[in-house]
Amino acid sequence: MVEALIFYMFAFVLIASAVMVVVSRNPVHSVLFLVMAFFNTAGLFVLLGAEFIAMMLVIVYVGAVAVLFLFVVMMLEIGKVSMKEGMVTYLPVGLFVGLVLLAELVFVYLGWEMAEGAADRRLFPTPDASEVANTHALGQIIYTHNVYLFQISGLILLVAMIGAIVLSLRTRPGVRKQDIADQLDRRREDAVELHKVESGAGIK
Amino acid sequence: MVTFESLNFSPAIPEIFLAVMGMILLIFGVFRGDKGFRLVCWFTVFSFALAAVLLLHLADISSLAFGGMFVTESFAVVMKVIVLTGASIAVLMSMQYAQREKIARFEYPVLMLFSTLGMMLMLSANDLMALYLAIELQSLPLYVLAALNRDNLKSSEAGVKYFTLGALSSGLLLYGCSMVYGFSGTTNFNDIAIALSAMETPSAGLVTGLVFILAGLAFKVSAVPFHMWTPDVYEGAPSSVTAFFAMVPKVAAMGLLVRVTMGAFGGIAEQWQQVLWLMAAASALLGAFAALRQTNIKRLMAYSSIGHMGYALIGLTAASIDGVRGLMLYMTIYMFMSAGVFAVILLMVRKGQQVEEIDDLAGLAKYNPVMAVCLAVLLFSMAGIPPLAGFFGKLFVFQAAISGGFYWLAIIGVLSSVVAAYYYLRIIRIMYFDTAENELDRVEDTPSLFMMRGTAFLAVIFALIIWPLFHVLHEAVERLLAI
């Protein structure tokens, strides 16, 4: 009973904040609602007994990604009005397409049929918590069983990094950078000149 | 209990080698800077060649690796060797163009290498998760490459457009995967096939999932109705990158499509045959009619490639050994012919500026007969005029369609290839019968010149070498379908 209540609370707040992400006028508010959505998702994961994923969600998404979003939104200075342009023209079409898709999915759901033994074939059934800890089991799946997928994901991230650098790094001429080696190399003789100035004559 | 040792790395050695080479070249490039561009290019080609050698050593082994997620057999090996050949040609052709256009950055060949690696993984994917990740690894470098000329508005637009639509297609694909997983309880292709064989009539959910997966893959081969990105991306991306787009990723995507349809979903062929029928017919028709009014040769090639994907899909629609073999032959020929035509496009320089209008070729035959003859041969071949290479591609595809009972599809294919012949011939007319107002420069771009002549030569002598190639492809397909 209590569990169901908590579930509905998390689920309701999650959906409500997800809606707010989309409709909120101020982009900063959108990001903050996104953070709220992540927190509630984490709550749902805890209810499912997946405490590790819940933890990662809070650390990675809330701690890193959402903060990064906030930075980007603040730096881009997206106008409050310009985001909503075209909303009126596209909304009916969007709603229509969404409704058609929803209707189709309902039909698919009503006619759903599983292959024989599909439920037993689920790839990684949850292990007994008394034998293997949740995090340990996940580690086995990710780093041993699915090491192939893990490595490809790593390559994809590497490519994403290369891509971001290629497309955005510019070497501008005339930028003064601090170079410690250059600074240490400098001798007194290179930088300082001593002149004997006669009074009233000045320096040429 | 899966242990690290039981994962069996050895079938994936060529891919591991390529990944390691990519990282080494990246480090090398970072130290040398963009001065090392040519060297990195050569090393990339060298790594492709070595990977092909490693692959051929594994050619006779048919085995699973990484717990069934990675499969290699002669079909995968043949397709990978074709992909590696195409990628090598694309890198070689890019070298001088990139320097002319000031996009010669060392990341360029490295990104091509990672994309090619993604294609190899696609061809070996035996699991929905592996399929998705391989597709992402293949596409991500392509988005970056499309936008590589970042000071050019069209290039940036091409990159953004490609990226956005690519993300959409990934979404569709993943959604389909989730449905198939929900139906069968597994993501492994072999297990999906087993789950399917236990069913008498396929459930609606499964078919919906299959359609979503096909839609996601159709994006990658730019089949109608998922072709919208192709003309803009082809036009906007730097020409050498467009050459790569046109030649290589589609071969890999077609190979993957074969594995998904004939392998995992072979049991419900009549379901996906309808989808492919429509895509094939629509692509062939759109490719033929939309290209008629193009004035930009890169846009024209985009529509032409949509049409060619339609013909290749006709082979797959037949869902037979003949059909798949016809598709493989078609893709091989298509890749070489595109390489030749793009070599010519890369050589279209006037007063040091790249030009890409069809009218810029006017009178080419008068002042540069060799280039005109080569292009004419390549275009005749693409139009499917015997005895050039393209004719054989179309012949075997249509033959498979007819023996599979798809008469209408074959008729649509033949008719649209007649329409398509018009615009290929129009280019030839412009080259031979129009007068030149401004001549094109003579560019000393040895790799591109070599590719132009080599592929034209290949198109002419193809009738002589078709049988050994045919034999190799036939054996590969037979083994694929026997498993």
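Just so it is clear: chains get the letters A, B, ... in the order the sequence lines come, proteins before strands, and each one is counted from 1.
Residue contact with chain A, scored on non-hydrogen atoms closer than 4.5 Å, involves the side chain of Tyr175(B) exclusively. Contact of Asn149(B) with chain A is not made at all, since no heavy-atom distance falls under 4.5 Å. Heavy atoms closer than 4.5 Å to chain A are found in the side chain of Leu111(B), but not in its backbone. With a 4.5 angstrom heavy-atom cutoff, Leu26(B) touches chain A only via side-chain atoms. Of the two parts of Phe114(B), only the side chain, counted from C-beta on, holds a non-hydrogen atom closer than 4.5 Å to a non-hydrogen atom of chain A. Using a 4.5 Å cut-off between heavy atoms, Leu105(A) touches chain B through its side chain atoms alone. Proximity to chain B is limited to the side chain of Ile162(A), based on heavy atoms less than 4.5 angstrom apart. In this structure, chain A has a heavy atom under 4.5 Å from the side chain of Ala19(B), while its backbone stays farther away. Residue Leu196(B): no heavy atom, backbone or side chain, is found under 4.5 Å from chain A.
Within a 6.0 Å sphere centred on CZ of Phe69(A), heavy atoms belonging to other residues, nucleotides or ligands number 12 at most. At most 12 non-hydrogen atoms from other residues, nucleotides or ligands lie less than 6.0 angstrom from CD of Glu193(A). With a 6.0 Å radius and a threshold of 12 heavy atoms from other residues, nucleotides or ligands, Phe226(B) has its CZ atom above the threshold. Sparse packing is recorded around OH of Tyr61(A), with 12 or fewer heavy atoms of other residues, nucleotides or ligands lying under 6.0 Å away. Counting heavy atoms of neighbouring residues, nucleotides and ligands inside a 6.0 Å radius, atom CG of Leu101(A) exceeds 12 of them.
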**Request:** Any chance you could lay out the side-chain contact (heavy atoms from CB on, under 4.5 Å) test for Val108(A) and Met179(B), step after step, and finish with the verdict?
**Result:** CA-CA 10 Å; Val108(A) 166; Met179(B) 284 191 154; 3.9 Å; yes
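For the atom pair CG (Leu121(B)) and CD (Gln151(A)), the distance works out to 11.5 Å, reported to the nearest 0.5 Å. If you take CD1 on Ile156(A) and CG on Leu140(B), they are separated by 7.5 Å, rounding to the nearest 0.5 Å. Note that the CH2 atom of Trp112(A) and the OG1 atom of Thr208(B) stand 7.5 Å from one another [nearest 0.5 Å].
Taking the six-membered ring where tryptophan is involved, the planes of Tyr148(A) and Phe70(B) are perpendicular, since the angle between them exceeds 60° and thus also 30°.
The shortest distance between side-chain heavy atoms of Met23(B) and Leu158(A) falls below 4.5 Å. With a 4.5 Å cut-off on side-chain heavy atoms, Ile152(A) and Glu136(B) do not count as touching. With a 4.5 Å cut-off on side-chain heavy atoms, Glu107(B) and Leu167(A) do not count as touching.
Contacts of residues 154-172 of chain B with chain A at a heavy-atom distance below 4.5 Å are absent; not one residue qualifies.
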